Amino acid sequence: EQCTGLLVSCRTLRHSTMPVVMDIKRAIPLQAFMPFVLLLTTSIEVSQCRKSLGHHEAARAGSQLVHGWDCISCSTNSMLAGNFGHTNSMVFNMSDQWWIKEVATHYAAVALNDFLGSESYNGTGESGVVTVARALKAANPRIKVLWYQAADFVSFTPFIADQLMNHTDWWQKDDYGNVVWFRPPTPGRPGHPYLDLSVPEAQEWFANIPLSYFKDKEDAKAVCDGIFVDGASYRDFNGNISAARYQKLFDGKMKSLHLAQTIFTELNGGEVWGNAAMEAHPPSNLPAGITWNTTLQNFNGGFDEMFGSFSSQNEDGSWNTAVMEHGFETIINASNAGHTAVIHAFPGPATTPFVNRGPPGNTFRIASWKGAVEVPQTAEACRDAATKRLVESLAPFLIVANEHVFLSYAWFYSIEDGYIPCKPGVECGMPSEWYPEFTRPLGPPKGPAQRRGTVWTRQFEHASVYVDLSDRSASRITWS
């Protein structure tokens, strides 16, 4: 309790003395304490607080990514954060940067996957991801740009994969010494192993990968704002790896992600986001007592990619109230502790398999739907469904949102899957215009969400939000 109180004080000290006052006023009368406020704020160094808390404070220093409340996404504010690449380089290229402008002017932050042939980058010249990041920063210097990395296979990009393949001591092995393959070798194609992050050298290599794309740190500082790490939490592990051994692998992963957070905190105040780090949808073999704080004490941000879909729902496509309640509480608690929380929501009751819509060579990918209602069969019908189903994601987002919580809404993980409206002739998963709800005046919340049974409500300056976890179709936003 003392450590938590000190942490809150450290996080907010540079901005306000009030958290310090509130933190100890139970022990010292407020009137007696006030003369010492100025002295405390000038004499207590944040670094001393961090030292008292050990290595965790560097990762929990508070989110650098903050939004306002004017609107969901408009000229004065954005609550949007995306994680995507692209599959159609004929459309998404640098000769016509219409898509760069759409992203840069509507998103607060993006995590870039493969772009402009970056999946074949071998270290010569500049990676397509770097090129896209530079263009986004040129269009909007305020946008935050992160690199995608997987904690298990890292990357198939030759520049990275070749380094992993050349260090066999970094390959993960089961308890019998057998290599654990992410992609087993086949005739004509070499295998690709899982990375063993219990190896200290592998931890350091993984944490520094984004910087290796740049000529020096100053170049990286101006362009790269952190890492999006897929597979950042506990996972279902190989049957030939014991629970005790897996714990060592997990601990090594946390050390590597903490190191990455330290690197970006010092570089430019950047962030590490971990996918599944929210622990809002835990696997069946998750050890007892694991929460969002198990992972997020080591780095700054969590990504919830199953918000209202997949394991958040029942077989008939309705929400699983217990899982949704746990997800709400997790996001609220983690973001109130100063962590960035990015929520990825899919249109409708999303599930596997993923399928394409649109003509050959001009498609986008969508998730199937659980329940009796099938996902639309045509591209136009999918765009219409994304519009009609938006409130099922937007209303729950507003229930849990604070200034550190961001929304991602799309069918899958390529830019054409619904992250931006596309120009005529390009098939995308959202309509040709931005959703009108994104630009409507919202205003700050009048307080936290109120809960009564399965019903959650919240009032904003210009909107009232209603969510009933027992009926996803009842979600509504009443704008004033």
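In this chain, residues are counted from 1 in sequence order. Computed from a prediction, not measured in an experiment: that's the story for all the values here.
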Heavy-atom side-chain contact between Val132 and Leu116 under 4.5 Å: yes
Check whether the ring centres of Tyr194 and Trp181 lie less than 6.0 Å apart, and answer yes or no. no
Partners of Cys382 by disulfide (SG to SG under 2.5 Å), sequence neighbours excluded? none
Where do Pro349 and Arg389 come nearest, in terms of heavy atoms and distance? CD-NH1, 3.8 Å
Could you give all pairs that pass the disulfide (SG to SG under 2.5 Å) test and reach residues 399-462, with sequence neighbours left out? Cys422-Cys428
Could you tell me if Arg183 sits above the aromatic ring of Phe156, with its cationic atom closer than 6.0 Å to the ring centre and no more than 45 degrees from the axis? yes
Not counting sequence neighbours, which residues clear side chain to side chain contact (heavy atoms under 4.5 Å, CB included) with Thr186? List them please. Arg189
His86 and Glu416, any side-chain heavy atoms less than 4.5 Å apart: yes
Check whether any side-chain heavy atom of Phe307 sits under 4.5 Å from a side-chain heavy atom of Val342, and report yes or no. no
Check whether any side-chain N or O of Lys101 sits under 3.5 Å from a backbone N or O of Ala139 as a donor-acceptor pair, and report yes or no. no
Does Lys388 have any salt bridge (Lys or Arg N to Asp or Glu O under 4.0 Å) partners at least two apart in sequence or in another chain, and if so, which? Asp384
Asp251-Gln247 side chain donor-acceptor pair, cut-off 3.5 Å: yes
Before giving the answer on side chain to side chain donor-acceptor pair (under 3.5 Å), spell out for Thr454 and Asp468 the whole-Å C-alpha distance, their side-chain angles and the decisive distance to 0.1 Å. CA-CA 5 Å; Thr454 60; Asp468 184 350; 2.7 Å; yes
Step-by-step ring pair (Phe, Tyr, Trp, His ring centres under 6.0 Å) determination, Trp434 to His106: CA-CA 9 Å; Trp434 286 92; His106 288 86; 4.0 Å; yes
Could you note down all residue pairs passing salt bridge (charged side-chain N to carboxylate O under 4.0 Å, His left out) where residues 393-409 supplies at least one of them, sequence neighbours left out? none
Under 3.5 Å: donor-acceptor pair, side chain of Asn77, backbone of Ser73: no
Of all residues at least two apart in sequence or in a different chain, which pass the side chain to side chain contact (heavy atoms under 4.5 Å, CB included) check with Ser256? Leu197, Gln203, Phe206, Ala207
Begin from the C-alpha positions of Gln261 and Ile227 and carry the test side chain to side chain contact (heavy atoms under 4.5 Å, CB included) through to its verdict. CA-CA 9 Å; Gln261 182 62 72; Ile227 318 176; over 6 Å; no
Set out, in order, the CA-CA distance, both residues' side-chain angles and the distance that settles side chain to side chain contact (heavy atoms under 4.5 Å, CB included) for Asp225 and Lys137, then state yes or no. CA-CA 11 Å; Asp225 299 299; Lys137 290 283 191 177; 2.6 Å; yes
Exercise: identify the closest heavy-atom pair between Gln172 and Leu195: NE2-O, 3.3 Å
Will you find, in the side chains of Asn293 and Thr291, an N or O donor that is under 3.5 Å from an N or O acceptor? no
State, with a plain yes or no, whether a side-chain heavy atom of Phe84 is found less than 4.5 Å away from one of Val103. yes
Closer than 3.5 angstrom, by distance alone: can the side chain of Asp417 be matched with the main-chain N or O of Arg365 as a donor-acceptor pair? yes
Under a 4.0 Å N-O cut-off, is there an ion pair linking Glu392 with Arg476? no
Short N-O contact, Arg357 and Glu380, less than 4.0 angstrom: no
With no hydrogens and no angle check, is any side-chain donor or acceptor of Ser118 less than 3.5 Å from a backbone partner on Gly128? no
On a heavy-atom basis, the closest approach of Ser368 and Pro353 is OG-O, 2.5 Å
Side-chain donor-acceptor contact under 3.5 Å, Gln450 with Thr457: no
Residues two or more places apart in sequence or in another chain: which of them pass side-chain hydrogen bond (donor to acceptor under 3.5 Å, both in side chains) with Asp230? Tyr148, Asn275
Do Val323 and Ser312 have side chains that get closer than 4.5 Å, going by heavy atoms? yes
Is a donor on one side and an acceptor on the other found under 3.5 Å between the side chain of Thr157 and the backbone of Ile160? no
Please tell me whether Trp99 and Phe115 form a close aromatic pair, meaning their ring centres lie under 6.0 Å apart. yes
Trp411 six-ring face occupied by Arg383 cation (under 6.0 Å, within 45°): no
Taking the side chain as every heavy atom from C-beta outward, state whether Ile72 and Glu437 have any pair of such atoms under 4.5 Å apart. no
Any side-chain donor-acceptor pair under 3.5 Å between Asp70 and Thr76? yes
Who are the salt bridge (Lys or Arg N to Asp or Glu O under 4.0 Å) partners of Glu315, not counting sequence neighbours? Lys370
Report yes or no: does Arg458 contribute a side-chain atom to a donor-acceptor pair with the main-chain N or O of Ala401 at less than 3.5 Å? yes
Just to verify, what does Arg134 make a salt bridge (Lys or Arg N to Asp or Glu O under 4.0 Å) with, not counting sequence neighbours? Glu126, Asp219
With a 4.5 Å cut-off on side-chain heavy atoms, are Trp69 and Pro445 touching? yes
Going by atom types only, do His344 and Ser408 share a side-chain donor-acceptor pair under 3.5 Å? yes
Suppose the criterion is disulfide (SG to SG under 2.5 Å): which pairs have a residue in residues 299-346, not counting sequence neighbours? none
Is the side chain of Trp147 donor-acceptor paired with the backbone N or O of Leu112 at a distance under 3.5 Å, no angle test? no
Could you check if a side-chain atom of Pro396 sits within less than 4.5 angstrom of a side-chain atom of Phe328, using non-hydrogen atoms only? yes
Checking Ser414 against Thr87 for the side chain to side chain contact (heavy atoms under 4.5 Å, CB included) test, could you report, in this order, the C-alpha distance in whole Å, the side-chain angles of both residues, the deciding distance, and whether it holds? CA-CA 7 Å; Ser414 288; Thr87 58; 3.3 Å; yes
Side chains of Tyr413 and Glu305 only: does a donor on one sit below 3.5 Å from an acceptor on the other? yes
Pair Asn300-Glu271, side-chain donor/acceptor within less than 3.5 Å: yes
Answer yes if the ring centres of Phe346 and Phe310 are under 6.0 angstrom apart, and no otherwise. yes
What do the steps show when you test Phe406 against Leu65 for side chain to side chain contact (heavy atoms under 4.5 Å, CB included), and what is the final call? CA-CA 9 Å; Phe406 292 80; Leu65 190 60; 3.5 Å; yes
Counting N and O atoms only, with roles assigned by atom type, does the side chain of Ser335 sit under 3.5 Å from a partner on the main chain of Ile331, one being a donor and the other an acceptor? yes
Determine yes or no for a side-chain-to-main-chain donor-acceptor pair under 3.5 angstrom, with Tyr419 supplying the side chain and Phe412 the backbone. yes
Would the Phe159 and Tyr213 ring centres measure less than 6.0 Å apart? yes
Report the residues that fulfil salt bridge (Lys or Arg N to Asp or Glu O under 4.0 Å) with Asp152, sequence neighbours left out, ordered by chain and then residue number. Arg235
Under a 3.5 Å distance rule, please check whether Asn140 uses its side chain to pair with a backbone N or O of Ala104 as donor and acceptor. yes
Residues in side chain to side chain contact (heavy atoms under 4.5 Å, CB included) contact with Ser242, at least two apart in sequence or another chain: Asp175, Ala244, Arg245
